[in-house]
Amino acid sequence: MTARHGRPDSSPDPEATPGTRLVSQVLQWYAANARDLPWRAPGIDGWSVLVSEVMLQQTPVVRVLPVYQAWMTRWPTPDALAADSPGEAVLAWGRLGYPRRALRLHQAAVAITERHDGVVPADYDALKALPGIGDYTAAAVASFAYGRRHVVLDTNVRRVLARTVDGRELPGTSITAAERAMATALLPADPATAARWAVASMELGALVCTARSPRCELCPVVADCAWHAAGRPADDGPPRKAQTYAGTDRQVRGRLLAVLRDAFPDAVPADVLATCWDQAEQRERALNGLVADGLIEAAGDEMFRLPGVTP
DNA sequence: TACTCGTGGGA
DNA sequence: TTCCCAAGAGT
C-alpha cells in the first residue's frame with residue numbers, strides 16, 4: 001500500500017502530480033464502472049485471460065463473448081485444446097475474423113503443454129515467445145492474470161494518453177519511444193495497482209474516451225485532459241489509410257474458409273470452392289495462401305479441408 | 001516501416 | 001450507403 005500511487009478509495013491528493021492524480025481518478029472511476037466480463041472474474045486463471053486477449057485482438061467484446069464461452073467450456077485448459085486438431089480450433093473460431101489467431105492459439109496451447117507443463121507462464125518473455133503473443137498480449141496476460149507490473153499499451157490506453165497528456169485527438173500509427181516512456185513514468189510502483197491501472201485505463205478508452213464521439217461529460221479526468229482543455233482539436237496527423245475490403249484477397253480467403261468450415265470434417269472439391277469467386281487467378285492465390293498459412297490442407301486430388309490431423 | 005490478415009456493426 | 005474501426009501479430 002504505497003501512498004504514491006493508486007488510491008482508488010480516497011479522494012484526490014491535492015499534492016499529487018498530474019500523473020498520479022490521473023491514475024488515481026481513473027482507478028476510482030473503474031471501481032464504479034467496470035463491465036462484468038467473464039475474463040475479469042476474481043482469481044481467473046491464465047488460460048482464460050490468454051484466450052480472451054487473443055480473441056479480443058481487433059475484435060469487439062460483444063462478438064467475442066459467445067465464442068469465448070463456448071471455447072472455454074470445450075477447452076478449459078491448454079492441454080485440452082492441444083489434444084484436439086487445429087481444424088477444430090479454426091472451426092470453433094467461427095466468424096470472429098483473422099482465423100490465423102485460432103491456429104496460433106492452438107500452437108500456443110501445444111507449446112504451453114510441452115514447455116510449461118500445461119500452465120500458462122506468468123513471465124513476460126515466456127509469454128511473448130508463444131505463437132500469436134506479441135508485446136501487448138504478453139503484458140496483458142502477465143498483468144491481468146498474474147498481477148505483474150507491465151506497461152500495457154493497447155489502442156485504448158494509447159488514445160487516453162494521447163488526449164490527456166499530449167493533447168492530441170489520436171495516437172500515431174505506431175508506438176514511439178516517447179510514448180512508451182510516458183506510459184512507463186505513469187505506471188504505479190505497486191504491481192497490483194499497476195495491473196489495475198492497466199485494465200482501468202483500457203476500460204476508460206473503451207467506454208468513455210472512444211475514438212469517435214468521446215463522452216467527455218462522463219470522463220473522470222476531463223479536468224486534467226490536455227486535449228479537452230485545448231478545445232478538442234481535430235487530428236492533424238497524416239490521413240489514415242482507407243481500409244478497403246471488397247475485392248481483396250482477404251475477402252476471398254474469408255469466403256473460401258467459410259465453405260470449408262461448413263463442410264468440416266469433410267473435404268471440399270476445388271470446383272465447389274470455385275463458386276466462391278469467379279476470378280481464377282485471385283482465387284488460386286487465396287487458396288494457396290490459406291494452405292501456406294496452415295489454415296487449410298490439401299486432401300487428395302483437388303480437394304481441401306480444415307487441418308484435421310493433430311500434429 | 002508499412003503492409004497483410006476477417007468480420008460486422010454503429011455513425 | 002459509405003466509412004471507420006475493434007484489448008494486434010507477423011513479416
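Each chain gets a letter, A, B and so on, in the order its sequence line appears, and its residues count up from 1.
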Query raised in the report: So what does A:Gly97 touch, heavy atoms closer than 4.0 Å: a base, only the sugar-phosphate, or nothing?
Result: base
Query raised in the report: Which part of the nucleic acid does A:Thr173 contact within heavy-atom distance under 4.0 Å: base, sugar-phosphate only, or nothing?
Result: nothing
Report summary line: A:Leu153 CG to C:dA7 C1', in whole Å, measures 12 Å
**Report entry** Separation between the P atoms of C:dT11 and B:dG6, rounded to whole Å
**Finding:** 14 Å
Requested in this report: Take A:Gln251 and A:Ser213, find for each the nucleotide of DNA chain B with the closest heavy atom, and name the residue whose nucleotide sits nearer the 5' end.
Outcome: A:Gln251
Report task. Could you work out the separation of B:dC3 and C:dA7 based on their P atoms and round it to a whole Å? Result -> 23 Å
Report task. Give one of base, sugar-phosphate or nothing for A:Ala140, where a contact means two heavy atoms less than 4.0 Å apart. Result -> nothing
Report task. Could you check whether A:Thr248 gets within reach of a base, just the sugar-phosphate, or nothing at all, counting any heavy atom under 4.0 Å? Result -> nothing
Query raised in the report: Under 4.0 angstrom, heavy atoms only, what part of the nucleic acid is A:Leu96 near: base, sugar-phosphate, or nothing?
Result: base
Query raised in the report: Is there a donor and acceptor pair closer than 3.5 Å between the side chain of A:Thr155 and the base of C:dG8?
Result: no
Query raised in the report: Reckon A:Asp293 touches a base, only the sugar-phosphate, or nothing at all at heavy-atom distances under 4.0 Å?
Result: nothing
Report task. Give a yes or no on whether a salt bridge exists between A:Glu297 and A:Arg305, defined as a side-chain N under 4.0 angstrom from a carboxylate O. Result -> yes
Report task. Under 4.0 Å between any heavy atoms, over every strand shown, what does A:Arg261 touch: base, sugar-phosphate, or nothing? Just pick one. Result -> sugar-phosphate
Query raised in the report: So what does A:Trp93 touch, heavy atoms closer than 4.0 Å: a base, only the sugar-phosphate, or nothing?
Result: nothing
Query raised in the report: What does A:Arg158 touch in the nucleic acid at a heavy-atom separation under 4.0 angstrom: a base, only the sugar-phosphate, or nothing?
Result: nothing
Requested in this report: Give A:Arg63 one of three labels, base, sugar-phosphate or nothing, depending on what nucleic acid heavy atoms sit under 4.0 Å from its own.
Outcome: base
**Report entry** Residue among A:Glu53, A:Lys128, A:Gln57 satisfying side chain to side chain donor-acceptor pair (under 3.5 Å) with A:Thr137
**Finding:** A:Gln57
Query raised in the report: How far apart are the closest heavy atoms of A:Arg63 and A:Val67, and which atoms are they?
Result: O-CG2, 4.0 Å
Requested in this report: Quick one: label A:Leu103 by what it contacts on the DNA or RNA (base, sugar-phosphate, nothing), any heavy atom closer than 4.0 Å.
Outcome: nothing
